[in-house]
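Quick notes on the structure that follows.
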Amino acid sequence: LYLYDYDGRQLAQLTDGNWVVKNVVGLDRDLGRLYFLGTKDGACEQHLYVCSLRENSKIERLTNKAGWHAVVFSAKTHFFAAIYSSTEQPPQLILNEIQKNGETVLVENAMDATHPYKNFWPNHVKPEFSTYQLADGTDLHYKFLRPKKVEKAPLIVIVYGGPHAQ
């Protein structure tokens with residue numbers, strides 16, 4: 001991310017590194033803080049980060065749990081709602097208050113005896129994430145679903161080239 005003035009002059013580089021800023025999701029004009037989703041901590045996770053527009057400061061991660069976070073902010077960026085999921089946790093809805101650094105789980109979606117997926121959970125295949133490095137040093141990230149109780153199985157490869165890199 002880069003910060004520009006209204007005349008198109010670059011004022012600052014806000015982020016750097018070999019990772020993707022996915023989406024800018026909030027701006028606190030009073031405190032000069034920009035909130036965004038990105039993959040700074042790994043290509044297989046998405047977290048909420050914040051950086052200052054006023055001073056050169058480090059990027060701070062605001063979501064703690066490993067996994068995928070999708071976020072919507074309140075108008076004044078005092079609160080955000082996050083849908084969080086991981087390989088072990090079905091999607092949860094969490095309300096977070098920025099100033100108090102507190103969270104309230106609104107929809108737990110726990111994998112308990114009442115969950116609709118509970119009967120299928122014993123046969124659930126947990127994905128394995130890894131990286132394959134090309135000869136030129138480029139890392140390709142992948143997800144592998146290993147069949148249960150099968151000695152031989154065909155390998156199915158699904159490639160998503162997308163409009164951008166992983």
Side-chain angles (χ1 to χ4, degrees), residues 1-3 12-131 139 141-148 158 160-166:
L1 288 173
Y2 296 89
L3 179 63
Q13 181 176 348
L14 303 175
T15 63
D16 66 347
N18 190 19
W19 55 281
V20 178
V21 172
K22 296 283 198 163
N23 196 11
V24 173
V25 292
L27 173 63
D28 185 331
R29 292 178 189 271
D30 296 334
L31 296 177
R33 294 167 54 98
L34 183 72
Y35 299 91
F36 59 93
L37 295 169
T39 61
K40 186 175 189 296
D41 294 298
C44 296
E45 295 186 15
Q46 177 172 282
H47 289 279
L48 175 65
Y49 301 91
V50 62
C51 67
S52 175
L53 298 176
R54 296 188 179 144
E55 57 193 46
N56 221 358
S57 65
K58 69 177 191 167
I59 295 168
E60 181 185 352
R61 188 172 104 180
L62 299 179
T63 48
N64 297 319
K65 299 175 187 173
W68 200 262
H69 303 262
V71 171
V72 177
F73 267 91
S74 64
K76 299 249 183 209
T77 65
H78 296 148
F79 298 91
F80 68 89
I83 297 176
Y84 161 73
S85 64
S86 72
T87 58
E88 298 292 323
Q89 173 61 53
Q92 296 183 314
L93 178 59
I94 303 169
L95 181 65
N96 296 265
E97 186 173 359
I98 293 288
Q99 297 300 327
K100 293 185 179 176
N101 199 19
E103 69 176 32
T104 303
V105 177
L106 300 176
V107 179
E108 176 71 28
N109 202 13
M111 189 56 68
D112 58 20
T114 64
H115 198 283
Y117 192 67
K118 186 60 179 174
N119 292 336
F120 303 99
W121 191 251
N123 293 317
H124 177 80
V125 176
K126 182 179 174 183
E128 299 171 31
F129 297 97
S130 193
T131 304
D139 286 335
H141 304 280
Y142 67 89
K143 175 174 71 172
F144 182 68
L145 299 171
R146 187 179 307 275
K148 284 193 168 196
I158 301 171
Y160 172 70
H164 62 284
Q166 303 177 27

For this session: Step by step, work out the side-chain contact (heavy atoms from CB on, under 4.5 Å) result for Glu103 and Lys65.
Result: CA-CA 12 Å; Glu103 69 176 32; Lys65 299 175 187 173; 4.0 Å; yes
inquiry  = Would you say that more than 12 heavy atoms from the other residues, nucleotides or ligands in this model lie under 6.0 Å from the NZ of Lys126, or not?
reply    = no
Residue pairs passing the ring pair (Phe, Tyr, Trp, His ring centres under 6.0 Å) test with at least one member in residues 88-113, sequence neighbours excluded, are none
For the residue pair Pro90 and His115, establish whether any side-chain heavy-atom pair is separated by less than 4.5 Å. yes
Note: Val71 and Val25 closest approach over all heavy atoms is O-CG1, 4.1 Å
**Check: Tyr35 ring centroid to Phe73 ring centroid under 6.0 Å** = yes
Can you find a heavy atom in the side chain of Val107 that is under 4.5 Å from one in the side chain of Gln92? no
Review point. Can you find a heavy atom in the side chain of Trp68 that is under 4.5 Å from one in the side chain of Pro91?
Key: no
Closest non-hydrogen atoms of Asp28 and Leu31, given as atom of the first, atom of the second and distance, are OD1-N, 3.0 Å
message: Between Pro147 and Val125, is there a side-chain heavy-atom distance shorter than 4.5 Å?
response: no
dist Tyr142:OH -> Ser130:OG (nearest 0.5 Å) comes out at 3.5 Å
Practice prompt. With side-chain contact (heavy atoms from CB on, under 4.5 Å) as the test, would you mind laying out the steps for His141 and Phe129 before giving the verdict?
Written response: CA-CA 7 Å; His141 304 280; Phe129 297 97; over 6 Å; no
Identify every side-chain donor-acceptor pair in residues 78-87 under 3.5 Å, counting partners at least two apart or on other chains, and give the distances.
| residue | atom | partner | partner atom | Å |
| --- | --- | --- | --- | --- |
| Tyr84 | OH | Ala66 | O | 2.8 |
| Ser86 | OG | Glu88 | N | 3.2 |
| Ser86 | OG | Gln89 | N | 3.1 |

For Arg61 and Asn64, indicate whether the former's side chain and the latter's backbone hold a donor-acceptor pair under 3.5 Å. yes
From the list Thr39, Asp41, Thr15, side chain to side chain donor-acceptor pair (under 3.5 Å) partner of Tyr49 resolves to Asp41
Exactly one of Thr77, Leu3, Val24 clears side chain to side chain contact (heavy atoms under 4.5 Å, CB included) with Leu34, and that residue is Val24
Discussion item. Whether the side chain of Thr131 engages the backbone of Asp139 through a donor-acceptor N/O pair (distance < 3.5 Å, no angle test) should be reported.
Written reply: no
If only side-chain N and O atoms count, and only distance matters, is there a donor-acceptor pair under 3.5 Å linking Tyr2 with Asp16?
no
task = Please report the C-alpha distance between Met111 and Tyr117 in whole Å, then the side-chain angles of each, then the deciding distance to 0.1 Å, and finally whether the side-chain contact (heavy atoms from CB on, under 4.5 Å) criterion is met.
result = CA-CA 8 Å; Met111 189 56 68; Tyr117 192 67; 3.8 Å; yes
Crowding at CZ, Phe144 (>12 non-hydrogen neighbours, <6.0 Å): yes
Interatomic distance, CD1@Ile59 vs NZ@Lys40, rounded to 0.5 Å, equals 5.5 Å
- Glu128 and Lys143 ion-paired at < 4.0 Å: no
Check whether more than 12 heavy atoms from other residues, nucleotides or ligands sit under 6.0 Å from atom NZ of Lys118, and answer yes or no. yes
Value for CG (Leu106) from CG (Leu93), rounded to nearest 0.5 Å, stands at 4.5 Å
**Q.** CD (Gln99) with more than 12 external heavy atoms under 6.0 Å
**A.** no
Q. So do Asn96 and Ile98 actually touch side chain to side chain, heavy atoms under 4.5 Å?
A. no
dist Leu53:CG -> Leu27:CG (nearest 0.5 Å) comes out at 6.0 Å
Rounded to the nearest 0.5 Å, the NE2 atom of His69 sits from the CD1 atom of Ile94 at a distance of 7.5 Å
Check the orientation of Trp121 and His124. Use parallel for under 30°, tilted for 30 to 60°, and perpendicular for over 60°. parallel
Next item on the list: Give a yes or no on this: more than 12 heavy atoms of other residues, nucleotides or ligands lie within 6.0 Å of atom CG of Asn18.
Entry: no
>> I'd like to know whether Glu60 forms a side-chain contact (heavy atoms from CB on, under 4.5 Å) with Val50, so could you lay out the CA-CA distance, the side-chain angles of the two residues, the decisive distance to 0.1 Å, and finally the verdict.
In response: CA-CA 5 Å; Glu60 181 185 352; Val50 62; 3.8 Å; yes
